[in-house]
Amino acid sequence: MNNGPSSEDVLKDLTSSEYKYGFTTDIETDIIPKGLNEDVVRLISAKKQEPDWMLQFRLDAYRYWRQQPVPQWGHVKVDPIDYDNISFYAAPRKKATVGDVDPEIIKTFDKLGIPLHERDMLLGKTSGAELSAVETSSTMAVDAIVDSASQKTTYRDKLAELGIIFCSFGEAVREYPDLVRKYLGKVVPVRDNYYSALNSAVFSDGSFVYIPKGVRCPMELASYFRINSSGTGQFERTLIIADEEAYVSYLEGCTAPMRDENQLHAAVVEIYVHERAEVKYSTVQNWYPGDKLGKGGVYNLVTKRALCAGDFSKVSWTQVETGSAITWKYPSCVLRGDNSQGEFYSVAVTNNYQEADTGTKMIHIGRNTRSRIISKGISAGHSQNSYRGMVKVLPGADGVRNYTQCDSLLLSKTCGAHTFPIMDIQNPTAIIEHEATTSKINEDQLFYCQQRGIKEEDAVSLIVGGYAKEVVQKLPMEFAVEAQKLLSLSIENSVG
Amino acid sequence: MSLLEIHNLHASAAGKEILRGIDLTINPGEVHAVMGPNGAGKSTLSAILTGNPQYEVTQGEILYKGRNLLEMKPEERAWEGLFLSFQYPVEIPGVSMVNFMRTAVNAQREYRGLPALTATEFLRMMREKRAVVQLDNKLANRSVNEGFSGGEKKRNEIFQMAMLEPTLSILDETDSGLDVDALRIVSEGVNRLKSAERSSIVITHYQKLLEYVQPQFVHIVYRGRIVKSGGPELGDRIFAEGFDWVKQEFEG
C-alpha cells in the first residue's frame with residue numbers, strides 16, 4: 001500500500017543501533033606487565049623521564065593508597081577491582097611516519113569525529129566517515145590521549161603567542177616543572193580519597209593548561225580521551241590554571257572500545273582559579289557502558305575539583321554523562337575567594353544495568369559566595385541513578401546563596417532514581433534553596449507526539465531532550481549538538 | 001469506498017464502558033458534526049480513532065481507507081492522514097514548535113517515500129501555514145504549547161493541521177474557550193483545508209462553529225451511542241431546545 005518502511009523495519013533499525021565507538025585500533029602498543037607495586041610506579045616515572053620530585057610524589061601517593069580500604073559509600077555495586085590484573089601503563093608506540101602521529105591514530109580520531117589536523121579544521125573540512133558537529137566547529141585546540149599517552153596537541157604554537165600553555169601533562173612536567181610543582185595536588189590533595197591517591201601514584205598523562213594574567217583564551221580547548229588497549233586502566237591527570245582575570249572554556253570527551261571486561265578509569269582534574277578569572281569545564285562522557293545485560297563497561301571513578309582561590313573568580317562545570325558501567329564523580333567547587341561563584345549543570349543518563357552516582361560539592365568559605373546546582377537524572381532499563389550533593393557553608397562565609405534543583409525522570413518501572421542531598425550550613429545569613437522532582441515520562445506528551453506522526457522512540461528522545469535542554473544549552477555549541485545525539489542514542493528502546 | 005466505517009464500536013477507559021455500539025460511516029469530502037451532552041462519549045470516540053493507549057476497544061471494528069484501523073499504531077494512523085485537534089493540547093517543555101513540527105512533517109514524508117524537507121523549505125512552509133491561523137512567529141519558536149493562552153493553543157492545533165494536511169481531521173471542541181475573533185480565525189483555517197478528498201469530524205457544543213464550517217451531517221451521541229443522525233436542521237433544533245428532548249425520546 002505504501003513504499004515507506006514498516007513498523008518492524010523501524011524497530012529493527014532502532015534496536016540495532018549500538019555503541020558507535022566500540023571499535024579498536026590496531027596499533028603497536030608499549031604495555032607494561034599487569035599488577036601494581038612500587039617498581040611499577042618507578043617504571044612509569046622512568047618511562048616518562050620524570051624528575052625525582054615527581055617520583056617522590058607518586059611513591060607517597062602509592063604508599064598511602066595501599067593502606068586505604070576501598071570506599072563503600074556510593075550507591076553503586078562495583079565488583080572488587082583486581083589491581084593485579086590491570087596494566088597501569090600502555091602507550092602507542094611511535095612509528096617513523098609523516099608528521100609525528102601514527103596514521104592509524106589519526107584515522108581513529110577521524111572516526112571519532114575529532115580532527116587532529118589544524119588546517120582541515122579551520123576550513124571546516126570533514127575528514128572522517130561520519131559528519132560530526134565537532135568537525136564543523138570553527139576553531140578548537142585538541143589534546144588527543146590514547147590509553148596512557150598524549151598523541152598530539154593542536155594549535156600549541158598559536159596559543160603560545162598569547163602565553164597560553166596547552167600541552168600534555170608529561171610535557172608540562174618536563175618543560176614547566178615549576179608551574180606543575182606549584183599547583184599539583186593543591187586542589188585535590190593526594191590523600192583526598194582512595195582513587196585520587198591511586199591516580200596520583202600511577203597517572204600517566206593528561207592535559208595541562210595555563211592561561212596567563214588577563215588573557216581570554218580565543219578558542220575552546222579540548223581533551224579527548226580514548227581507551228584502546230584491553231586489560232589496561234586509564235589514569236589521566238588534568239591541571240588547569242587560570243591566572244588573574246583569565247578566561248578559558250575547556251571540553252573533555254571520552255570513548256572506549258566495547259569489551260567484555262570492566263576497564264578502570266580513575267582520573268583527577270584540578271582547576272585553580274585566581275582573582276576575577278573564569279573557567280568553564282564541559283564534559284561529554286561516553287565511555288563504553290557495557291552490553292544490554294550489564295557485561296563489560298568502564299568503571300569511571302573520578303575526582304574533579306575546582307578551587308576559586310581569588311575574589312570574584314568563577315567556575316562552571318557542565319556534564320553530560322551517558323556512558324560507563326559505573327560512574328562515580330562529583331565535580332566540586334571550593335569557593336574560597338570572596339564573591340566567587342560555582343556552578344554545576346549535569347545530565348546523567350543510565351540505561352540497561354548502568355549505575356551512576358554523581359553530583360557535586362559546593363564548599364562556601366569566602367563571603368558573598370554563590371553557587372547553583374542543576375542536576376537532571378534520566379533512568380531507564382534496570383539502571384540506578386543517584387544524585388549526591390553537598391552544600392557546605394562555613395561559619396565565616398556571610399551572605400552565601402545557593403540554589404539547587406534536582407530532577408529525576410524515570411523511563412521504566414525497573415530503574416531507580418535516588419537523591420542524597422546534604423546541607424551543612426554553619427552561617428545563619430546563608431540563603432539556601434532546594435527543589436527536587438521525580439517524574440515518569442508523561443503518557444499524554446508521548447501520545448500527543450505520536451498523534452502528529454512522531455514515532456514513539458523519537459517522541460521519547462524529543463521529550464527527554466527537552467527535559468535536559470537547560471543543561472545541554474550550557475555546553476559550547478559544537479558539543480551541544482553531539483550531546484543531544486548521544487542522549488537520544490542512550491535511551492533508545494528504553495520506555496517500558 | 002468510504003473513508004471511515006465504524007461498526008458496533010464498544011470501548012472503555014479504566015475498566016468503565018463508555019462507548020456502547022457506535023456505527024458511523026464517513027465518505028470523502030464530508031463534514032460530520034458530533035454533538036451530545038457532557039460524558040456522552042464524544043471525546044472517547046476521538047481517542048479510539050487516534051489510538052490513545054489509555055482507552056480500550058472491547059468490541060466492534062473500524063475500517064479506515066479499507067484497512068483495519070485498530071491494528072495500526074497511533075503514528076501510523078497519523079501518517080495515513082488522521083489528525084486530532086486536541087481538546088486539551090499538551091505542553092512539552094524544552095521542545096521548540098519548530099523542532100516538533102519538523103520531526104512530525106519529516107516522519108510523515110519518510111512514510112510516504114518523500115525526502116526530508118531542508119531547513120529552508122521547512123521554514124518557508126511554516127511561514128505560509130502560520131499565516132492561515134495568524135499564529136505569531138514568537139509562538140513558533142517557543143516550546144510546544146508552553147505558556148500559550150487557551151486560544152493560542154487551539155490556533156496552534158489548527159496550524160499543525162495545516163502543516164500535516166490530513167485526510168480525516170477530528171476537531172475535539174476546538175471552539176471551546178475561544179473568543180469570537182479566534183473562532184473566526186480557526187474556522188477559516190478549517191474551511192481552507194476543505195476539499196473533495198478531505199473529511200472532518202467536528203465535535204462541538206456551540207452553534208457558531210457549525211455556522212462557519214457547515215456540516216452536511218449531524219449526529220447526537222448519548223450514553224455511548226449515536227441516537228440520532230440528520231442534516232444541519234438537527235443541529236438547529238439542539239441549539240434551540242437543548243438535549244432534553246433527545247434524552248426523553250431515547251429513554252421514554
Enquirer: Can you measure from OG1 (B:T103) to CG (A:L462) and round to the nearest 0.5 angstrom?
Expert: 4.5 Å
Enquirer: With rounding to the nearest 0.5 angstrom, report the NZ to NZ distance, A:K455 to B:K73.
Expert: 8.0 Å
Enquirer: Quick one: CD on B:E76 to CD on A:Q450, what's the gap to the nearest 0.5 Å?
Expert: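 It is 12.0 Å, given to the nearest 0.5 Å.
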Enquirer: Please determine whether the number of non-hydrogen atoms from other residues, nucleotides or ligands lying under 6.0 Å from atom CD of A:E443 exceeds 12.
Expert: no
Enquirer: Determine the minimum heavy-atom distance between B:P74 and A:F447, stating which atoms define it.
Expert: CB-CE1, 4.1 Å
Enquirer: Closest heavy-atom contact between B:A78 and A:G453?
Expert: CB-N, 3.4 Å
Enquirer: Are A:Q451 and B:Q160 close enough that some pair of their side-chain heavy atoms sits under 4.5 Å apart?
Expert: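 Answer no - side chains too far apart.
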Enquirer: Is the CZ atom of A:R370 crowded by more than 12 outside heavy atoms at less than 6.0 Å?
Expert: no
Enquirer: If you take all heavy atoms of B:E75 and A:E456, which pair is closest and at what distance?
Expert: OE2-N, 3.3 Å
Enquirer: Return yes when atom CZ of B:R142 has more than 12 non-hydrogen atoms of other residues, nucleotides or ligands closer than 6.0 Å, and no otherwise.
Expert: yes
Enquirer: Under a 4.5 Å heavy-atom cut-off, does chain A meet the side chain of B:V105, its backbone, both or neither?
Expert: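 For B:V105, no heavy atom lies under 4.5 Å from chain A.
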Enquirer: Just checking B:K153: does its NZ atom have more than 12 heavy atoms from other residues, nucleotides or ligands closer to it than 6.0 angstrom?
Expert: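 Yes, enclosed.
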Enquirer: How long is the span from the CD1 atom in A:I454 to the CE atom in B:M101, to the nearest 0.5 Å?
Expert: 7.5 Å
Enquirer: Is chain B contacted by the side chain of A:Y467, its backbone, both, or neither, given a heavy-atom distance below 4.5 Å?
Expert: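 A:Y467 touches chain B through backbone heavy atoms alone.
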Enquirer: Pull out the residues in residues 186-205 of chain B that come under 4.5 Å of chain A, heavy atom to heavy atom, sorted by number.
Expert: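 At a heavy-atom separation under 4.5 Å, chain A is reached by no residue of residues 186-205 of chain B.
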Enquirer: Determine which residues belonging to residues 82-95 of chain B lie within contact range of chain A, meaning some heavy atom pair is under 4.5 Å apart, and list them by number or answer 'none'.
Expert: B:L82, B:F83, B:L84, B:F86, B:P89, B:V90, B:E91, B:I92, B:P93, B:G94, B:V95
Enquirer: From B:F100 CZ over to A:I463 CD1, what is the distance, rounded to the nearest 0.5 angstrom?
Expert: 9.0 Å
Enquirer: For the candidates B:N145, B:L114, B:V144, which exhibits the highest count of non-hydrogen atom pairs separated by less than 4.5 Å from chain A?
Expert: B:N145
